[in-house]
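All values below were derived from every heavy atom in this structure, side-chain atoms included, with hydrogens, water molecules and symmetry-related copies excluded. Sequence lines set the chain letters: A, B, ... in the order given, protein chains first and strands last, and positions in each chain run from 1.
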Amino acid sequence: MSDIDNSSRPLVEVRDLRKYFEATHGLLRKVVGTVKAVDGVSFSIQQGETLALVGESGCGKTTTGRCLIRAVDPSAGSIRYSFDNADPIDIATVDKHQLRELRRSIRLMFQDPYSSLNPRMTVFQIISEPLLINKLVQNQSEARDRVQSLLQMVHLNPNKMDRYPHAFSGGQRQRIAIARALAPKPRFLIADEPVSALDVSVQAQVLNLLKDLQHELRGLTYLFVAHNLSVVKYQSDRVAIMYVGKIVELTVTEELFLTPKHPYTEALISAAPDPEPRAVRRKKRIVLAGEVANPADPPSGCYFHPRCRYAKDVCRTTEPPLRDIGTAQQPHQVACHFAEELTLRGIE
Amino acid sequence: MSLQTTLRKINDFPADLIQRRRDKRRKRLIDEKGKQLLVASQWQLIRWKFARHKLAMASLFLLGIMYLAAIFAEFVSPYDPRSFREQYAMAPPQRIRFFDPHEGRFHLRPFVYSITRQLDPDTWQVTFEEDRTEKQFIRFFVRGSQYRLMNIPFLEGNLRLFGVEEGIISLLGNDTRGRDLFSRIVHGSRISLTVGLLGIAISFFVGVLIGGLSGYFGGLLDVIIQRVIEAIKAIPTIPLWMALSVALPIHWPLTRVYFFIVLILSIIGWTGVARVVRGKFLSLRTEDFVTAAELDGASTGRLIFRYMLPSFYSYVIARLTLEVPAMILGETALSFLGLGLQAPAISWGVMLKDAQHIRVLANAPWMLLPGLFVFIAILAFNFVGDGLRDAADPYSNI
Amino acid sequence: MATETADDVLSVHDLKSYFFSREGTLRAIDGLSFNLKAGKVLGIAGESGCGKSVTAQSILRILPRHGKTVSGQVLLTRDGKVTDLLALGEESSEIRRIRGKEIAMIFQEPMTSFSPVHTIGDQIIETIRLHRGLSKAQARASAIEILESVGMPHPSRTIDEYPFNLSGGMRQRAMIAMALSCNPRVLIADEPTTAVDVTIQAQVLELIRQMQAQLGMAVIMITHDLGVIAELADHVLIMYLGRGVEFGSVEQIFHNPKHPYTRGLLASIPKLQKGHTLVEPIKGAVPNPYDAPAGCPFHPRCPQFMQGTCEVTMPQVVEVEPGHWVACHLYGGEDQR
């Protein structure tokens with residue numbers, strides 16, 4: 001695993017993050033509804049660690065990631081970021097100047113490498129853009145040197161830096177995107193579904209590259225936003241499961257997959273298709289009824305109760321708080337009234 | 001017996017090898033093209049894609065010739081477009097010949113027969129008769145009447161592309177006052193063909209600016225701009241143009257009238273561009289590569305000029321090309337109605353106005369020829385626009 | 001691939017479908033053969049550009065305009081009678097009868113199979129009346145029954161809904177209902193769960209499994225997700241660049257893969273089992289199908305590439321164990337030509 005530094009304070013500490021989108025109507029933009037995309041999310045990430053944010057579409061995982069780099073402005077909450085071991089600053093309230101500096105340290109990687117690279121710029125121009133904009137290099141030749149070493153780092157031939165993105169395959173493009181993200185020497189990389197747009201056989205290239213880079217650039221920290229549980233299990237140190245804007249379970253990867261404590265986690269693990277016919281056919285799959293709740297009009301009590309097979313009356317009325325039921329060494333946060341009582345199935 | 005089996009018989013040469021060599025050569029060719037493709041910029045890709053559009057290429061070539069002729073109108077036209085020659089009034093187009101049936105001889109150099117004006121003593125009908133005995137060979141780069149190229153003082157000369165030594169040459173006939181129609185059409189294209197280009201240039205700048213503001217900043221500004229555009233679009237074009245051009249003072253010099261006509265024509269044109277640009281800005285603002293650049297710290301100006309504009313101005317230009325014909329037609333229509341440019345200005349619309357009279361149409365139908373040129377120019381612009389539109393997004397099928 | 005037996009409902013022989021464009025000829029399918037046994041599920045797996053969707057389009061004769069099936073046979077057996085679908089005209093009444101009635105298809109995006117201006121009921125009823133010749137009232141009753149059987153809540157009410165009023169999962173169910181409304185012999189499912197979330201995917205797969213058992217139809221499941229294949233399929237066909245590279249039972253493919261590509265694919269996917277911590281990518285990327293490599297199309301990425309053989313000749317399909325076919329030089333097989 002990676003070099004996680006548990007002793008000092010976390011690199012990122014998110015407290016009660018909220019992002020509400022208002023649906024407006026008409027010329028005067030009257031507010032007709034509120035979508036609570038992110039609704040009171042708290043977590044922290046240690047330096048050098050990979051935290052995965054997992055959930056189905058519309059659960060708020062992408063919005064959470066975007067709030068952390070202020071690509072989206074949060075409605076409420078704090079995001080404390082320990083910038084170069086100085087006193088933490090709150091990303092949610094920093095001014096424009098600080099934000100610019102911050103965005104050299106925190107970088108975002110997109111899902112679709114076909115839309116995230118400007119087709120009208122060469123690979124060199126794309127990768128050198130953050131360097132030139134932020135004046136991290138003095139001149140073109142220095143920029144070329146940097147781009148060359150960045151391309152080598154992501155295992156691409158530096159001689160190809162004057163080609164345009166259309167000359168590269170999906171996997172190669174995603175590596176170009178990684179090189180661009182790493183150009184200003186960041187400490188924190190938010191990777192939003194970095195492999196789900198790629199062919200199966202090349203996904204592993206990108207996953208392994210991200211892992212290797214974390215090892216090489218000691219202290220590189222990832223927030224890994226994904227929906228594919230097998231990929232998450234392979235890639236992350238800790239996992240946070242989100243459902244309709246809230247975290248329902250958060251713990252160390254092993255523990256989460258072996259002994260899930262939230263019925264939603266159990267169902268997700270059970271539903272994940274696994275390329276192993278014997279195992280798949282042996283296990284009795286849990287098929288959740290219904291669909292993900294509408295975040296504009298969520299159910300009462302626990303948002304998951306209409307689909308939960310363990311739901312009792314209290315679940316319909318009272319929202320369960322996210323609480324720690326683990327040990328001091330291994331915290332295990334879960335938002336379920338019956339977390340201690342239920343024995344849920346994980347992987348075998 | 002196929003070539004391969006023959007070869008095999010002769011040389012005991014494995015056919016497989018031939019095939020493989022052929023494949024290799026093909027592959028090398030593809031690779032070379034492919035290598036260029038890998039480092040090709042957007043404009044190169046557009047050029048390649050456009051070049052495959054045969055009709056558009058031909059049209060572009062044709063337009064190129066027309067614009068060159070417009071620039072060097074004095075040189076291309078054999079006569080001064082304003083010189084009256086009453087004795088040749090309403091002379092019909094002459095036939096260019098290589099073969100002289102009278103002599104029964106073939107000449108390498110083209111020639112025309114001299115024409116003479118005949119007046120029917122009873123009906124007073126004027127006819128022109130070819131004098132089959134008198135050939136006038138067409139000479140190239142001849143000295144003709146003095147001119148000033150584009151009215152620039154030090155570009156005086158008298159060299160003309162072609163002409164005849166005696167008599168006249170009238171390729172497309174003469175008008176009611178004996179002015180050479182070909183020379184007039186060539187000179188007229190200066191106005192008729194540039195009105196559209198200048199018009200779209202203005203439309204482009206106004207449209208990109210206003211549409212950009214609307215799309216980039218959004219909010220109330222966007223709402224207001226959109227309503228204004230809708231209001232302008234709701235006004236019927238031709239009556240608006242007519243009203244505005246009637247309002248132009250009659251004593252204004254020609255050039256000023258010309259620029260105001262262009263302005264009037266582009267008053268509607270920019271709205272379409274503004275809409276397109278706004279839509280593109282709105283969709284591009286959420287595009288990943290723009291977000292990525294924003295997070296890189298790119299300034300608003302850099303975002304707009306390096307990321308957003310380049311990804312659609314090829315498209316806007318293609319669209320604008322398709323709007324040139326409307327402007328050419330607009331100028332023609334206004335001048336034809338006598339509301340745009342007036343004689344002594346020469347434009348295709350002004351010339352068509354001369355052909356309004358029924359007597360003219362009956363006796364000199366060639367005076368409608370400027371209409372044919374309008375038609376050709378418009379078709380050519382449409383084909384080029386189609387080709388550009390298809391090529392404008394070169395990333396669609398790579 | 002695979003020997004022909006009496007219980008084949010659909011067998012495809014040496015199918016070739018090409019796309020013609022200015023860039024050249026794209027050999028989307030270049031000599032594909034497989035059999036589908038009645039009442040069984042065949043999974044077709046492969047990456048982008050392998051031709052798995054074109055296979056479905058070729059069978060139903062619904063290729064896009066610039067595509068053409070240039071050779072091959074697609075034999076449909078119904079009640080002892082064998083019809084070659086490729087011998088029928090693309091718009092002939094016979095193929096129209098077969099589409100929907102004998103072979104139905106479901107797609108990745110349910111909206112593509114529904115017209116937005118008609119209610120889902122109208123469209124299902126029309127299909128039923130067209131193929132089963134029922135009266136309007138009977139067809140409506142039958143449609144409600146089918147909607148209920150696919151787990152649509154309040155079928156007698158949803159039948160009058162427009163497709164855009166339904167949620168993604170419900171649309172998927174409605175599309176399956178329409179496909180199954182005429183009791184087809186063969187159901188072709190083209191990436192039916194790619195656009196939906198895992199929990200909905202589980203629902204859809206469960207539904208397909210149930211309906212398959214209930215109606216006894218044969219299913220062709222086209223997907224890039226080997227997990228879906230492992231879960232549903234009896235037999236598996238692995239495709240790469242327009243060719244079948246391996247065919248076998250689901251156990252043979254997953255537990256005893258022979259082709260280096262199949263092995264590579266299986267090794268490159270992270271698995272959920274305990275202790276699985278290593279994935280090994282296949283090097284390189286799927287080549288541009290316009291410029292497919294000579295010889296075995298997989299040779300530039302193959303870890304067991306044999307110089308002088310793999311890049312020269314196309315490997316022949318050989319049976320390595322009963323019912324398990326591989327197209328790879330590692331297992332012998334002479335030049336195919």
**Study point:** Residues forming a side chain to side chain donor-acceptor pair (under 3.5 Å) with A/R173, sequence neighbours excluded
**Key:**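 In terms of side chain to side chain donor-acceptor pair (under 3.5 Å), with neighbours along the sequence ignored, A/R173 is linked to no residue.
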Practice item. To the nearest 0.5 angstrom, please state how far the CZ atom of B/F289 sits from the CZ atom of A/R120. Key: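 Between B/F289 CZ and A/R120 CZ, I get 6.5 Å after rounding to 0.5 Å.
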Check your understanding: Checking heavy atoms, do the side chain of B/R306, its backbone, both or neither come under 4.5 Å from chain A?
Key ->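 Backbone plus side chain of B/R306, per the 4.5 Å heavy-atom cut-off to chain A.
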Review point. Do you know which of B/L295, B/D296, B/V290 has the most heavy-atom pairs under 4.5 Å to chain A?
Key: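 Most pairs with chain A among the choices: B/D296.
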Practice item. Count the heavy-atom pairs under 4.5 Å between each of B/A293, B/S299, B/A292 and chain A, then report the option with the highest count. Key: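 Among the listed options, the one with the most contacts to chain A is B/A292.
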Exercise for review: Considering only heavy atoms, give the residues of residues 126-140 of chain A separated from chain B by less than 4.5 Å, sorted numerically, with 'none' for an empty result.
Suggested key: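 Listed by number, the contacting residues are A/E129, A/P130, A/I133, A/N134.
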Side chain / backbone / both / neither for [X] at chain B, heavy atoms under 4.5 Å:
| X | result |
| --- | --- |
| A/L117 | backbone |
| A/T122 | neither |
| A/R104 | neither |
| A/R100 | side chain |

Review point. Under a 4.5 Å cut-off applied to non-hydrogen side-chain atoms, are A/Q111 and B/D288 in contact?
Key: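 No - every pair of side-chain heavy atoms lies 4.5 Å or more apart.
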Exercise for review: Could you pull out all residues at least two apart from A/D73 that satisfy salt bridge (charged side-chain N to carboxylate O under 4.0 Å, His left out)?
Suggested key: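 Counting only residues at least two positions away or on another chain, A/D73 forms a salt bridge (charged side-chain N to carboxylate O under 4.0 Å, His left out) with A/R70.
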Check your understanding: Got a sec, which residues hit salt bridge (charged side-chain N to carboxylate O under 4.0 Å, His left out) with A/D192, two or more places apart in sequence or on another chain?
Key ->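 In terms of salt bridge (charged side-chain N to carboxylate O under 4.0 Å, His left out), with neighbours along the sequence ignored, A/D192 is linked to A/R66.
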Exercise for review: Locate the shortest heavy-atom distance separating B/E287 from A/S115; write the atom from each residue and the value.
Suggested key: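 Taking B/E287 first and A/S115 second, the nearest heavy atoms are OE2-CB, 3.6 Å.
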**Study point:** Over 12 non-hydrogen atoms of neighbours within 6.0 angstrom of NZ in A/K185
**Key:**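 For A/K185, atom NZ is not crowded (no more than 12 foreign heavy atoms under 6.0 Å).
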